[in-house]
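See structure below.
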Amino acid sequence: MTLRDRPRALLIAIALCCISGFAETDERVFAGDQESDISVDLKDEVLLVRIADRDGIGRLTVERPSAGWPQAIKLRLHLSGLESLTIGNGKQTLRVSVQSYGKHRQIINLLENGEEIAVDKKSPYWLKVGSLTAKSKTSDDPAQAAGFEVTLPDKMTSQDPKSLEIRWIDFYRN
C-alpha cells in the first residue's frame with residue numbers, strides 16, 4: 001500500500017488491518033507527504049516500515065498496536081543520504097545522521113528532559129545504521145548505499161508510548 005497519491009497537506013490515517021499481516025489488529029500509520037512511498041509489514045514480531053521519498057524530506061507517525069509494540073521495529077529508508085533521522089516517543093528523541101563523506105561516521109544524540117547527550121555503543125539507545133544495497137540487503141559500506149536500514153532500540157518502546165514520530169532528511173539544503 002502506498003501513500004504517494006494523497007494531497008501533501010492532508011494527514012492520512014491508514015488502518016493497518018487493510019495491510020497484509022495485520023488482519024486482527026487496529027494499528028495506524030499516519031503520513032503527511034505526497035512524495036513518500038510508505039509500506040508496512042509485520043512478520044515474526046518484526047514491524048518493517050519501508051520508506052522511499054523523492055523529495056528526501058518526510059515524516060511518519062506509527063501508533064502503538066492494541067496488542068503492544070512488536071519485538072522489533074526496522075526502518076528501511078530508500079534515500080541517497082541520511083543527513084537527519086529523528087525518532088521520538090513523546091519523552092525521548094533520538095537524532096541520527098550519517099556523514100556523507102570520509103568514513104561515513106554515524107552520529108547519534110538523545111534529547112531527554114531538555115538535555116542533549118551523545119549516544120555511544122554502550123548506551124541502550126544506540127542503534128546501528130546499516131546500508132542497503134540495490135537488492136535491499138544490508139551492508140557496512142555507506143559509499144555503496146541505495147538506502148539505510150535502522151533497527152530502533154528497544155528503549156524507544158519499552159515505556160509503551162502511544163506513538164512514534166519519525167522524520168527524515170536525506171541531505172542538507174541551503
Side-chain angles (χ1 to χ4, degrees), residues 1-90 92-98 100 106 108 127-139 142 145-154 156-157 160-173:
M1 173 173 283
T2 66
L3 302 175
R4 181 181 327 187
D5 302 322
R6 307 301 199 263
R8 178 177 294 280
L10 181 61
L11 188 63
I12 301 163
I14 304 295
L16 295 182
C17 62
C18 300
I19 299 173
S20 173
F22 291 86
E24 298 179 327
T25 60
D26 62 354
E27 299 87 35
R28 296 177 188 271
V29 172
F30 298 96
D33 189 339
Q34 72 179 12
E35 299 301 320
S36 298
D37 184 358
I38 299 168
S39 66
V40 182
D41 189 27
L42 179 65
K43 185 175 181 181
D44 300 325
E45 278 299 306
V46 176
L47 179 64
L48 178 61
V49 181
R50 290 180 195 89
I51 301 165
D53 195 300
R54 289 180 288 217
D55 284 347
I57 299 174
R59 64 185 169 83
L60 170 74
T61 299
V62 181
E63 285 190 352
R64 176 186 60 232
S66 58
W69 291 104
Q71 289 177 2
I73 300 172
K74 289 187 178 190
L75 305 175
R76 284 199 179 151
L77 299 141
H78 297 275
L79 303 170
S80 51
L82 195 57
E83 180 73 30
S84 175
L85 172 67
T86 60
I87 305 157
N89 65 12
Q92 299 100 2
T93 299
L94 282 174
R95 294 183 181 166
V96 182
S97 66
V98 177
S100 59
Q106 79 180 44
I108 303 172
L127 55 88
K128 177 149 177 44
V129 179
S131 297
L132 291 174
T133 64
K135 295 183 180 180
S136 292
K137 295 182 181 179
T138 57
S139 161
F148 302 88
E149 182 172 275
V150 176
T151 301
L152 276 57
D154 294 339
M156 292 305 288
T157 56
D160 205 27
K162 179 182 175 186
S163 63
L164 295 174
E165 179 75 24
I166 301 164
R167 297 177 181 266
W168 59 88
I169 300 173
D170 61 356
F171 287 109
Y172 174 75
R173 291 159 175 81

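Note that the CG atom of Leu48 and the CD1 atom of Ile73 stand 11.0 Å from one another [nearest 0.5 Å]. The structure places CD1 of Ile87 at 11.0 Å from CH2 of Trp168, a figure rounded to the nearest 0.5 Å. To the nearest 0.5 angstrom, Ile108 atom CD1 is 10.0 Å from Lys128 atom NZ. In this structure, Leu127 CG and Leu152 CG are separated by 7.0 Å, a value rounded to the nearest 0.5 Å. For the atom pair CD of Glu83 and CD1 of Ile57, the computed distance is 10.5 Å after rounding to the nearest 0.5 Å. Atoms CG and CZ, from Leu85 and Phe148 in turn, are 10.5 Å apart once rounded to the nearest 0.5 Å.
Residues Ile38 and Leu60 come closest through the heavy atom pair CD1-CD1, 3.9 Å. Residues Pro161 and Trp69 approach most closely at O-NE1, 3.0 Å, considering heavy atoms. Closest non-hydrogen pair, Gln106 versus Val129, comes out as OE1-N, 3.1 Å.
Glu45 is listed as a side-chain neighbour of Pro70, based on a closest heavy-atom distance under 4.5 Å. Using a 4.5 Å cut-off on side-chain heavy atoms (C-beta onward), Leu75 and Ile166 make contact. Proximity of Asp170 to Leu82: side-chain heavy atoms (C-beta onward) are nowhere separated by under 4.5 Å. Residues Ser163 and Val62 are not in side-chain contact: their nearest non-hydrogen atoms beyond the backbone lie 4.5 Å or more apart.
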Chi angles and distances behind the side chain to side chain contact (heavy atoms under 4.5 Å, CB included) call for Asp41, Arg50:
CA-CA 8 Å; Asp41 189 27; Arg50 290 180 195 89; 4.2 Å; yes
Evaluation steps, side chain to side chain contact (heavy atoms under 4.5 Å, CB included), between Lys74 and Val46:
CA-CA 7 Å; Lys74 289 187 178 190; Val46 176; 4.2 Å; yes
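If you check the side chains of Glu165 and Thr61, you find a donor sitting under 3.5 Å from an acceptor.
For Thr86, the side-chain contact (heavy atoms from CB on, under 4.5 Å) test picks out Ser84, Thr93, Arg95, Arg167, with sequence neighbours left out.
The side chain to side chain contact (heavy atoms under 4.5 Å, CB included) test with His78 singles out one residue from Ile51, Leu132, Asp53, Asp37, and that residue is Leu132.
Counting non-hydrogen atoms of other residues, nucleotides and ligands closer than 6.0 Å to CG of Asp44 gives a total of 12 or fewer.
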